[in-house]
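First up is the structure itself, then whatever we jot down about it.
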Amino acid sequence: MKTVVAGALGECVHVAGVSNFLRLAEMAGWRTVFLGPAVPVKEFIQAAIREKADLVGVSYRLTPETGERLLGEFAEAADELRSKGVRFAFAGTPPVAERAQKLGFFEQIFDGSELTEDTLAYLRGEASSQAGSSSFPQTTIERRLWKAPFPLLRHHFGLPSLEETREGIRKIAEARILDVISLGIDQDAQENFFHPERQDPRRKGAGGVPVRTAEDYRMLYEASRTGNFPLLRTYSGTDDFIRLAELYLDTIHNAWCAIPLFWFNQMDGRGPWDLAGSIHEHQQVMAWYGARNVPVELNEPHHWGMRDAPDVIFVVSAFLSAYNAKAFGVKDYIAQMMFNSPPGTSDAMDLAKMLAILEMIQPLAGPDFRIWIQTRTGLLSYPLDPAAARAHLSASIYLQMALKPDIVHIVGHTEADHAATADEVIEAAKMARRAIENALAGQPAMIYDPLLMRRKEELIQEAKITLRAIQNLSSDENRDPFTDPNVLAASVTSGIMDAPQLKNNRFGRGKIRTRIIGGACLAVDENGTPISESQRLEKFFKTGGIIND
């Protein structure tokens, strides 16, 4: 194990940066020796010799003129060590760092503007993130492993103007702040890309950037080939799924597929397929990407949460998502977990719900089915006030870090008012980064709260009841009810999978009632009294007779 010795030089007593540097060094596999504040030059050299240091980190954050003189003295005293192969790095304020750079003695200068991954890359012996595209893995899993223990950062971006979106992508990439830019495309691009005759010019740019040709996609991808060379990904569309998948891999090298199980069809008005037909099509998309070793995310559970479905339905839909992904050959599954959905859910109940999901899907994991956790803030949970929204973003992401996510999908603080501009995406990413770094420095183990643990177990038991009800819809012993499109569709049309906002829906029942009680979203009766899942389903089947029939 290599050894790094670090401290603050001379009369400088500021060691927070030194401590952070050594913490990162430990993550990178170094043995660390902290010398403390105000270390004289002679003691610095003696410690380096005594500890057989491979790397010496020197910090100075006071007057530049004094620092320049002191660093010159240090360089002269340490020159023999450097000639023997000991490496030296410096960190300080930008004015002092500029003086240190002129000495030509230190192999690396840190002035505080570096990203955490820049420092980790240096400590791991990798190229700096400013060195070029070769420094950045260009697949999701490789990049996640390269960046660990820090999660990948993703943000949605797409403006009604193609040119403004292109310029925004370039600006975000040059800020080196995101790992993944999720390209937000307009509804016509999602549904009618291959059908110009179905496109409505009046809807151009509604909901995102109006891409209309393969060259549009290539142009947007080319704009990302700078800075930290972020990955790009986009929606899987609502029609012509496989043709779109081929287009995305060819043009933007789609980082991963994101597709629902029950949604983006006639049920939510976002696509031409009926419910059972769309489920079948979505399964084929999973299989297509799985055969090409491209990760797949099912952006499913939050669609129920956003429609005020009870927590148990949220958990069940998450299990069905992972189950289908594995069944259809996905090798790297991204389990998306949207917090704050529905709004009003408490932090404890949010964590309990997510832990229930993880416990239920973990048995599916294995060498051929790896699960990667992606968290995000609730779309509908942001307050309109900008200051409050910034606080909400930071607090939500800090909470999400309790799950040790592999990917953090940053939902911009402007969400309640407008789609984020490039500058706002960068601002949101900076807030998220700070919350993540604070958590990684030593977050309390919130997941072991007894109240939270009890709720987790309760949700798991309730979810198993719902899943048994879905199994009972199947009359064909040779088909898996959890992957049968007709059974899955029937779980919605029968009311097993239900949400209040599906009222008057062509497919959904919308008969379930829910209320936030004690921070959890619970099913309630007509009097507002909470009912268990067995009570809800027992009463429903007595009146509707679905299972009995």
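The first residue of the sequence shown is numbered 1, and numbering continues consecutively from there.
With hydrogens and angles ignored, the 3.5 Å screen pairs a side-chain donor or acceptor of Trp30 with a backbone N or O of Leu123. Not one N or O on the side chain of Thr251 forms a donor-acceptor pair closer than 3.5 Å with the backbone of Ala214. When atom types are taken as modelled, the side chain of Arg292 and the backbone of Leu249 share no donor-acceptor pair closer than 3.5 angstrom. Checked by atom type and distance alone, the side chain of Glu26 never pairs as donor or acceptor with a backbone atom of Arg23 at under 3.5 Å. Between the Thr165 side chain and the Gly158 main chain, no donor and acceptor come within less than 3.5 Å of each other. Distance alone, capped at 3.5 Å, is enough to place a donor-acceptor pair between the Ser394 side chain and the Arg390 backbone. Under a 3.5 Å cut-off, the side chain of Asp216 and the backbone N or O of Thr213 do form a donor-acceptor pair. Counting only distance, with no hydrogens or angles, the side chain of Gln138 and the backbone of Leu231 share no donor-acceptor pair below 3.5 Å. Not one N or O on the side chain of Asn340 forms a donor-acceptor pair closer than 3.5 Å with the backbone of Pro343. Without hydrogens or angle criteria, Gln108 side chain to Phe106 main chain gives no donor-acceptor distance under 3.5 Å.
Annotation: Lys2, atom NZ; neighbour count of heavy atoms from other residues, nucleotides and ligands within 6.0 Å is above 12. Heavy atoms of other residues, nucleotides or ligands lying less than 6.0 angstrom from CD of Glu167 number more than 12.
For the atom pair Leu232 CG and Leu183 CG, the distance stands at 6.0 Å (nearest 0.5 Å). To the nearest 0.5 Å, atom CZ of residue Phe339 and atom OG1 of residue Thr345 are 10.5 Å apart. If you take CZ on Arg454 and CG on Asp449, they are separated by 8.0 Å, rounding to the nearest 0.5 Å. For the atom pair Thr375 OG1 and Ile397 CD1, the distance stands at 7.5 Å (nearest 0.5 Å). The line from NZ of Lys430 to CG of Leu115 is 9.5 Å long, rounded to the nearest 0.5 Å. Between atom CG of residue Asp406 and atom CG of residue Leu152 there is a gap of 7.5 Å, rounded to the nearest 0.5 Å.
Nearest heavy-atom pair, Pro151 versus Pro405, reported as atom, atom and distance to 0.1 Å: CB-O, 3.3 Å. The minimum heavy-atom distance linking Phe150 with Arg144 is given by the pair O-NH1, 2.8 Å. Closest heavy-atom contact between Phe136 and Gly227: CE1-O, 4.0 Å. In this structure, Leu9 and Tyr60 approach most closely via the heavy-atom pair O-CD1, 3.4 Å. Residues Phe21 and Val4 share a closest heavy-atom pair of CE2-CG2, 4.0 Å. Annotation for Asn299 and Pro260: closest pair OD1-N, 3.0 Å, computed over non-hydrogen atoms.
In this structure the side chain of Met354 never reaches within 4.5 angstrom of the side chain of Lys456, judged on heavy atoms. Annotation: side chain of Val86 is in contact with side chain of Val56 (closest heavy-atom distance under 4.5 Å). Residues Met337 and Leu358 form a side-chain contact, since some pair of their non-hydrogen atoms from C-beta on lies under 4.5 Å apart.
Remark: aromatic rings of Tyr122 and Phe110 are close, center separation under 6.0 Å. Between Tyr289 and Trp256, the gap from one ring centroid to the other reaches at least 6.0 Å. Aromatic ring centres of Phe264 and His303: separated by under 6.0 Å.
For Ser381 and His392, the side-chain atoms include at least one donor-acceptor pair closer than 3.5 Å. With no hydrogens or angles considered, a side-chain donor-acceptor pair links His302 and Gln336 at under 3.5 Å. A donor-acceptor contact under 3.5 angstrom links the side chains of Glu142 and Thr139, judged on distance only. Between the side chains of Ser321 and Glu300, no donor N or O sits under 3.5 Å from an acceptor N or O.
Salt bridge status for Asp186 with Arg212: present, with a side-chain N to carboxylate O gap under 4.0 Å. Salt bridge present: Glu163 and Arg166 bring a charged side-chain N and a carboxylate O closer than 4.0 Å. Electrostatic pairing of Arg218 and Glu222 does not count as a salt bridge here, judged by no charged N lying under 4.0 Å from a carboxylate O. With respect to the salt-bridge test (charged N to carboxylate O, under 4.0 angstrom), the residues Lys353 and Asp311 qualify. Using a 4.0 Å cut-off between charged side-chain N and carboxylate O, Asp179 and Lys147 make a salt bridge. Using a cutoff of 4.0 Å between basic side-chain nitrogens and carboxylate oxygens, Glu174 and Arg170 are scored as salt-bridged.
Phe157 is linked by a ring pair (Phe, Tyr, Trp, His ring centres under 6.0 Å) to nothing, counting only residues two or more places apart in sequence or in another chain.
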Worked check of side-chain hydrogen bond (donor to acceptor under 3.5 Å, both in side chains) between Arg233 and Ser182: CA-CA 5 Å; Arg233 59 160 301 280; Ser182 288; 3.0 Å; yes
Step-by-step side-chain hydrogen bond (donor to acceptor under 3.5 Å, both in side chains) determination, Thr377 to Gln400: CA-CA 8 Å; Thr377 304; Gln400 293 164 33; 3.2 Å; yes
Step-by-step side-chain contact (heavy atoms from CB on, under 4.5 Å) determination, Ile141 to Arg370: CA-CA 10 Å; Ile141 306 307; Arg370 295 188 293 182; 3.6 Å; yes
Candidate pair Gln443 and Tyr398, rule side-chain contact (heavy atoms from CB on, under 4.5 Å), full reasoning: CA-CA 9 Å; Gln443 186 183 51; Tyr398 187 81; 3.4 Å; yes
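Among pairs with a residue in residues 94-113, those fulfilling salt bridge (charged side-chain N to carboxylate O under 4.0 Å, His left out) read Glu65-Arg99, Glu68-Arg99, Arg87-Glu107, at least two apart in sequence or across chains.
By the 30° and 60° cut-offs, the orientation of the rings of Tyr235 relative to His156 is tilted.
Both tests hold for Arg225 against Tyr221: distance to the six-membered ring centre under 6.0 Å, angle to the ring axis within 45°.
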